[in-house]
J.: 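A single structure is presented below for examination.
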Number of protein chains: 2
Amino acid sequence: MKIEPLLKYINKYVSLTHEETDFLVSKVIYRKYLKGQYLVQQGDVCKFSCFVISGCTKTFYMDEEGQEHIMMFSIEDWWTSDMSSYINQTPADFNIQFLENTELIMFPYDVIEDVYQHIPKLERFFRQIIEKAFIASQKRIVRNLSMTAKDRYVYFRDQYPQIEQRIPQYMVASYLGITKEFLSKIKSQLLTED
Amino acid sequence: MKIEPLLKYINKYVSLTHEETDFLVSKVIYRKYLKGQYLVQQGDVCKFSCFVISGCTKTFYMDEEGQEHIMMFSIEDWWTSDMSSYINQTPADFNIQFLENTELIMFPYDVIEDVYQHIPKLERFFRQIIEKAFIASQKRIVRNLSMTAKDRYVYFRDQYPQIEQRIPQYMVASYLGITKEFLSKIKSQLLTED
DNA sequence: TTAAAATGTTAAACTAAGTTAACATAATTT
DNA sequence: AAATTATGTTAACTTAGTTTAACATTTTAA
């Protein structure tokens with residue numbers, strides 16, 4: 001069970017004792033998934049909140065016309081889950097699919113309260129990472145409101161170069177809220193104008 | 001100091017003892033602002049996270065061209081702050097301005113850690129409300145990615161009728177990410193088509 | 001009560017982005 | 001190596017949403 005990256009990550013926020021670490025390790029699940037598999041499909045109840053050890057996921061909403069709208073990608077050291085479904089144990093709005101073979105540390109819903117009770121520091125930890133996620137989400141909304149598609153692409157490319165290299169371009173387009181054809185046009189514009 | 005609405009709100013999530021309540025009351029600030037005043041201006045460091053007792057605020061980003069992009073409105077029983085600035089004590093990206101005379105309960109940055117230490121239940125409480133805020137933010141991103149302006153307006157009107165009645169239409173347009181002229185067109189379309 | 005300021009409407013001309021479809025290239029599978 | 005499948009490009013055409021500007025209405029201030 002490769003759990004070191006998670007412990008290292010948690011340690012950036014709070015310090016766990018050996019006992020606390022052992023308790024946590026006993027409650028979480030290490031698992032590998034293959035490229036193409038799903039962690040959650042919309043309509044399911046999401047039973048896990050997951051930390052990515054290695055690999056890559058996309059979280060997306062599929063609308064009535066069958067169009068995919070990508071909410072986020074997760075790679076090493078990021079978290080993934082349908083938060084709404086996980087917290088409220090209601091049907092998920094989103095799908096989470098693996099874009100590569102992926103290793104996860106999974107926090108089952110039915111142990112998370114137990115973990116908070118035994119290790120209040122982790123309640124603090126999760127408060128802090130959710131604050132960060134919320135801040136990032138708010139900033140994304142502003143970018144979508146105030147920037148053109150071209151500027152949003154340039155921002156994405158500069159901010160997440162490791163992600164852009166790992167995923168097909170049509171998924172970047174979906175994440176940016178534009179069509180693949182239009183992203184193609186933007187990229188050729190950027191090439192000629194500089 | 002009108003703090004009852006806050007205590008009632010907190011009580012929906014966790015139960016505070018009398019001592020805990022007194023401690024909390026001693027740490028927060030009750031204050032009134034007038035319509036037009038600012039709680040935060042972009043570039044400031046946001047010193048307070050606030051619960052709205054009465055009144056209304058808008059949170060917006062002003063871009064280089066001087067265009068306002070409204071992130072959110074807050075009314076009674078909602079929270080408002082520039083979370084990024086408050087958490088990290090860095091310059092704010094957003095402005096928060098009062099659209100009506102407004103009463104707030106303010107949590108100063110320099111007491112919040114003290115509050116968490118004395119009342120761990122409030123760390124739990126804030127984890128839970130931030131989870132909710134994050135979920136709402138994610139859902140807004142999806143709506144912006146997957147719905148037309150007309151559908152976003154109809155959703156807003158149905159979801160927040162109390163807000164639509166209190167604020168000028170051009171601010172609704174800004175929140176939806178469209179111009180006031182286009183919102184006007186959408187509304188006249190909706191009137192004729194039904 | 002009138003003037004001024006703020007908000008809302010309409011319409012024509014324009015632009016950013018979407019649609020369709022044909023073709024090109026790269027990656028997998030056989 | 002050939003054949004499929006997945007991904008990416010280009011271009012003509014359409015559409016959703018913006019810009020500009022003139023005017024209408026409502027609210028606030030004098």
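Numbers restart at 1 for each chain; the letters A, B, ... are given by sequence-line order, proteins then strands. None of these values were measured; they are calculated from a predicted model.
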J.: Tell me: CZ of Phe182(B) to P of dT15(D), nearest whole Å?
T.: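 After rounding, the gap between these two atoms is 14 Å.
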
J.: NZ/Lys121(A) to CZ/Phe126(A) distance, rounded to the nearest 0.5 angstrom?
T.: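 If we round to the nearest 0.5 Å, Lys121(A):NZ and Phe126(A):CZ are 14.5 Å apart.
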
J.: In whole angstrom, what separates Gln189(B)'s CD from dA11(C)'s P?
T.: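 Checked: the CD to P distance equals 12 Å.
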
J.: Select one nucleotide: of dG17(D), dT10(C), dT10(D), the one nearest the side-chain heavy atoms of Ile178(B).
T.: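 Nearest listed nucleotide: dG17(D).
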
J.: Between atom OH in Tyr153(A) and atom C1' in dA17(C), what is the gap in whole Å?
T.: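 Those two atoms, OH and C1', are 17 Å apart.
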
J.: Let me spell it out: for each of Ala149(A) and Lys185(B), pick the nucleotide of DNA chain C with the closest heavy atom. Which residue's pick is nearer the 5' end?
T.: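 Mapping each residue to its closest nucleotide by heavy atoms, the 5'-most match is Lys185(B).
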
J.: Give a yes/no on whether any side-chain N or O of Gln169(B) is located under 4.0 angstrom from OP1 or OP2 of dA6(C).
T.: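 Negative; the distance criterion is not met.
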
J.: Out of dT7(D), dT18(D), dT10(D), which nucleotide sits closest to the side chain of Ser184(A)?
T.: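 The closest nucleotide is dT10(D).
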
J.: Taking for each residue the nucleotide of DNA chain D with the nearest heavy atom, is it Lys35(B) or Arg152(B) whose nucleotide lies nearer the 5' end?
T.: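 Result of the comparison: Arg152(B).
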
J.: For Lys132(B), check side chain to side chain contact (heavy atoms under 4.5 Å, CB included) against everything at least two apart and list the hits.
T.: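 Side chain to side chain contact (heavy atoms under 4.5 Å, CB included) list for Lys132(B), sorted by chain: Tyr13(B).
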
J.: Which nucleotide sits closest to the side chain of Glu181(B): dA21(D), dA21(C), dG18(C)?
T.: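 Minimum distance to the Glu181(B) side chain belongs to dA21(D).
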
J.: So if I take every side-chain heavy atom of Tyr170(A) and compare against dG17(D), dT7(C), dG8(D), which nucleotide ends up nearest?
T.: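 Side chain of Tyr170(A) sits closest to dG8(D).
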
J.: Taking atom P of dT18(D) as reference, at what distance in whole Å does atom CE of Met147(A) sit?
T.: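 Atom CE in Met147(A) sits about 17 Å away from atom P in dT18(D).
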
J.: Once you measure the plane-to-plane angle for Phe60(A) and Tyr38(A), does it fall in the parallel (<30°), tilted (30-60°) or perpendicular (>60°) bin?
T.: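 Taking Tyr38(A) first and then Phe60(A), their aromatic rings sit tilted (interplane angle of 30° to 60°).
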
J.: Kindly say whether Leu24(B) contributes a backbone atom to a donor-acceptor pair with the side chain of Ser26(B) at under 3.5 angstrom?
T.: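 No; judged by distance alone, with no hydrogens or angles, the pair does not exist.
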
J.: Can you tell me which nucleotide in dG17(D), dA11(C), dT19(C) comes closest to the side chain of Thr179(A)?
T.: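 Output: dT19(C).
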
